[in-house]
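Everything below concerns the one structure shown next.
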2 protein chains.
Amino acid sequence: MSSDGFLLPLRLFVGFRQLIDGVHAELAREGHPELRPLHGFVFQAIGLDGTTAVELGRRLGVSKQAAGKTLDGLERLGYVERTTDPQDARRKLVKLTDRGVQVLIRSAQIFDELRAEWAARIGPDRLSELEQDLVTVTGAEAFRLDVPGWFGS
Amino acid sequence: MSSDGFLLPLRLFVGFRQLIDGVHAELAREGHPELRPLHGFVFQAIGLDGTTAVELGRRLGVSKQAAGKTLDGLERLGYVERTTDPQDARRKLVKLTDRGVQVLIRSAQIFDELRAEWAARIGPDRLSELEQDLVTVTGAEAFRLDVPGWFGS
DNA sequence: CTAAGATGGTCAACGTGGTTGTCCAAAACG
DNA sequence: CGTTTTGGACAACCACGTTGACCATCTTAG
């Protein structure tokens with residue numbers, strides 16, 4: 001049985017999904033039930049300094065239109081706001097609202113908590129090794145947000 | 001900077017994606033360019049014994065309709081065939097064609113090869129530990145195929 | 001044995017997400 | 001200046017998953 005090689009991607013994904021689901025379950029409990037797994041990465045990509053739709057698309061590896069649509073949703077939910085750039089009338093600066101910043105901070109905290117749970121189960125040293133090994137193996141590749149289209153047909 | 005906790009899910013996903021992309025790049029090179037990341041898991045779930053659409057949906061954590069649609073695509077591509085069950089006229093048995101079985105076997109081989117590359121980079125012991133730790137942490141949770149809907153809004 | 005319920009499959013409608021193509025206004029550059 | 005590039009938005013399109021409904025068939029209870 002060569003299921004050895006198959007175990008690895010499976011477990012990587014299950015681990016990923018458990019962490020993401022864990023964060024969003026807690027966020028939902030704290031008043032943010034509308035947030036989807038995708039949104040966490042968008043928040044992260046926007047950051048505290050804000051960006052533009054085009055730049056966001058670049059960071060996430062999707063088209064500017066896709067990034068724009070996602071921002072539309074986040075804006076409707078009140079996590080993001082667009083302002084015009086006084087220096088450049090073409091650009092619209094996208095910034096997190098207070099509510100958005102709160103989520104970003106909370107997400108980081110919850111991720112840390114979940115990481116601590118992992119550390120408690122396998123030991124902090126093993127977890128550090130695991131992280132280090134993943135970085136070594138995967139290199140500098142960035143996160144791509146086009147998961148739906150990538151995964152599906 | 002609490003990016004520690006955020007590093008973990010990111011790297012898990014990047015690793016997952018690199019493995020999946022690696023397999024499908026190679027499969028594409030070998031005459032299966034139409035296959036999508038999703039399909040590998042479907043093949044695995046169908047297995048050498050075959051199943052039905054409903055059962056497939058159960059295994060993958062999606063509705064029977066979604067499973068049926070995916071099978072439609074795979075059938076059109078010639079990787080799967082449906083036959084009627086002589087014991088039960090309601091059921092349609094889904095089995096991999098020869099071409100489908102080939103892909104399943106090749107996928108396993110390529111996963112093993114990619115795993116070997118990882119082992120070469122971080123050492124076989126560290127890789128085994130990594131796998132073991134992931135299993136310990138993630139438990140018995142199954143793979144869910146509803147990634148597009150799960151991830152997106 | 002028949003009637004009621006459960007099960008397998010398919011069709012249709014809907015919502016979401018991403019993509020390409022097109023267009024326009026504002027900047028940058030020659 | 002005029003031309004090219006850039007940021008943004010609109011539209012059409014396709015893929016995937018979901019729920020709801022419907023039908024045929026098997027199972028089971030009265």
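Residue numbers start from 1 in every chain, and the chains themselves are labelled A, B, ... in the order their sequence lines are given, proteins ahead of strands. Note that the structure is a prediction, hence the values are computed from the model and not measured.
Dashed line: the shortest gap from a side-chain N or O of A:Arg82 to OP1 or OP2 of D:dG7 is not under 4.0 Å. A sub-4.0 Å separation between OP1 or OP2 of D:dA15 and a side-chain N or O of B:Thr70 is absent.
Separating the CG atom of A:Asp88 from the P atom of C:dC29 is a distance of 12 Å, rounded to the nearest angstrom. As rounded to whole Å, 16 Å separates atom P of D:dT25 from atom CZ of B:Arg91. Atom pair B:Arg90:CZ and C:dG8:P shows a separation of 6 Å (rounding to whole Å applied). Whole-Å rounding puts the A:Arg76 CZ to C:dG15 P distance at 13 Å. Per the geometry, CD belonging to A:Gln87 stands 16 Å off C1' belonging to D:dG7, to the nearest Å. For the pair B:His39 NE2 and D:dA15 P, the interatomic distance rounds to 11 Å; values are reported in whole Å. Going from atom CG of A:Leu71 over to atom P of C:dG17 covers 12 Å, rounded to whole Å. Atom CH2 of A:Trp150 and atom C1' of C:dT19 are 18 Å apart (whole Å).
Closest to the A:Lys64 side chain, of the nucleotides C:dT10, D:dC26, D:dG7, is D:dG7. Comparing C:dG9, C:dA25, D:dG17 by their closest approach to the side chain of B:Asp146 singles out D:dG17. Side-chain atoms of B:Gln65 lie closest to D:dT19 of the nucleotides D:dT25, C:dG18, D:dT19.
In this structure, CG in A:Leu77 is found 11.0 Å from CG in A:Asp72, a value given to the nearest 0.5 Å.
Relative orientation of the A:Phe16 and B:Trp150 rings is perpendicular, given thresholds of 30° and 60° on the angle between their planes. The aromatic rings of B:Phe41 and A:Phe151 lie tilted to each other, with the angle between the two planes from 30° to 60°.
Within the nucleic acid shown, A:Ala89 comes within 4.0 Å of sugar-phosphate atoms alone, with no base atom in reach, counting heavy atoms only.
Within residues 51-63 of chain A, the residues that place at least one heavy atom under 4.0 Å from DNA chain C are, in residue-number order, A:Val62, A:Ser63.
Checked by atom type and distance alone, the side chain of B:Thr138 never pairs as donor or acceptor with a backbone atom of A:Arg11 at under 3.5 Å. Judged by distance alone, with hydrogens and angles left aside, the side-chain atoms of A:Arg59 form a donor-acceptor pair with the main-chain N or O of A:Ala45 at under 3.5 Å. One N or O on the side chain of A:Asp112 and one on the backbone of B:Gly5 form a donor-acceptor pair closer than 3.5 Å.
Between A:Tyr79 and A:His39, a ring centre-to-centre spacing not shorter than 6.0 Å is recorded.
Across the interface with DNA chain C, nearest-nucleotide mapping of B:Lys69 and A:Ala67 shows B:Lys69 to be the residue nearer the 5′ end.
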